[in-house]
Trainee: 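Following this message is one structure expressed as structure tokens.
It should be emphasised that the depicted structure is a prediction, and the values quoted were computed from it without experimental measurement.
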Amino acid sequence: MIKARVTVTLKNGVLDPQGKAIEGALGALGFGGVGHVRQGKVFDLELEGTDKAKAETDLKAMCEKLLANTVIENYAIAID
């Protein structure tokens with residue numbers, strides 16, 4: 001079994017209203033000095049097999065087809 005984590009974040013220059021809302025809420029809660037908050041998504045997956053190269057290829061395909069909107073999002077893959 002291969003464990004992997006895919007982190008999806010908005011590309012620089014893409015507006016992030018949820019990140020802005022979180023930034024404002026943190027300030028209202030007394031957490032001053034917090035700025036430029038960007039939100040994202042994390043996917044933890046378990047893949048059958050032991051071939052890490054195949055797993056990375058499959059994960060990239062999953063990101064390109066479903067997990068990330070590659071027009072406005074970047075993704076990073078970490079395999080354990």
Trainee: Do Asp16 and Gln39 make a side-chain contact, defined as non-hydrogen atoms from C-beta onward lying under 4.5 Å apart?
Mentor: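 Asp16 vs Gln39: side chains touch.
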Trainee: So how far is it from Ile77 CD1 to Phe43 CZ, rounded to the nearest 0.5 Å?
Mentor: 12.0 Å
Trainee: Would a hydrophobic clustering, with Ile, Leu, Val, Met, Phe, Trp and Tyr connected at side-chain separations under 4.5 Å, put Leu10 with Leu67?
Mentor: no
Trainee: Is the shortest side-chain heavy-atom distance between Glu73 and Thr9 below 4.5 Å?
Mentor: no
Trainee: Considering non-hydrogen atoms only, spot the tightest contact between His36 and Glu23 and give its length.
Mentor: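 Smallest interatomic distance, heavy atoms only, reads N-OE1, 3.2 Å.
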Trainee: Surrounding NZ of Lys52 (heavy atoms of other residues, nucleotides or ligands, distance under 6.0 Å), is the total greater than 12?
Mentor: no
Trainee: To the nearest 0.5 Å, what is the distance between CG (Leu26) and CG (Leu29)?
Mentor: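 Between atom CG of Leu26 and atom CG of Leu29 there are 6.5 Å.
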Trainee: For Asn12, I'd like to know if atom CG has over 12 heavy atoms of other residues, nucleotides or ligands within 6.0 Å.
Mentor: no
Trainee: Using every non-hydrogen atom in the two residues, find where Ile2 and Ala55 come nearest and quote the distance to one decimal.
Mentor: CD1-CB, 3.8 Å
Trainee: Test side-chain contact (heavy atoms from CB on, under 4.5 Å) on Leu47 and Leu59; report intermediate values, then the result.
Mentor: CA-CA 9 Å; Leu47 292 87; Leu59 287 161; 4.1 Å; yes
Trainee: Kindly give the heavy-atom pair with the smallest separation between Val6 and Leu45, and that separation in Å.
Mentor: CG2-CD1, 3.9 Å
Trainee: Answer yes or no: is there an ion pair linking Asp58 with Lys54, defined by an N-O contact shorter than 4.0 Å?
Mentor: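 Judged by the 4.0 Å cut-off on N to carboxylate O distance, Asp58 and Lys54 do form a salt bridge.
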Trainee: Between Tyr75 and Thr70, is any pair of side-chain heavy atoms under 4.5 Å apart?
Mentor: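 Tyr75 vs Thr70: side chains touch.
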Trainee: For Lys11, does the NZ atom sit with more than 12 other heavy atoms under 6.0 Å from it, leaving out its own atoms?
Mentor: yes
Trainee: Find out if a path of hydrophobic residues (ILVMFWY) with successive side-chain heavy-atom gaps under 4.5 Å connects Val14 to Val71.
Mentor: yes
Trainee: Could you grab the distance from atom CG of Asn74 to atom SG of Cys63, nearest 0.5 Å is fine?
Mentor: 11.0 Å
Trainee: Which atom names give the shortest non-hydrogen contact between Arg5 and Val42, and what distance separates them?
Mentor: NE-CG1, 3.5 Å
Trainee: If I take atom CE from residue Met1 and atom CG from residue Asp80, how far apart are they, to the nearest 0.5 angstrom?
Mentor: 13.5 Å
Trainee: Applying a strict under-4.5 Å side-chain criterion to I, L, V, M, F, W and Y, I'd like to know whether Val8 and Ile22 cluster together.
Mentor: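 Different hydrophobic clusters.
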Trainee: Can you list the steps and then say if Glu56 with Lys60 is a salt bridge (charged side-chain N to carboxylate O under 4.0 Å, His left out)?
Mentor: CA-CA 6 Å; Glu56 185 169 1; Lys60 285 180 182 178; 3.7 Å; yes
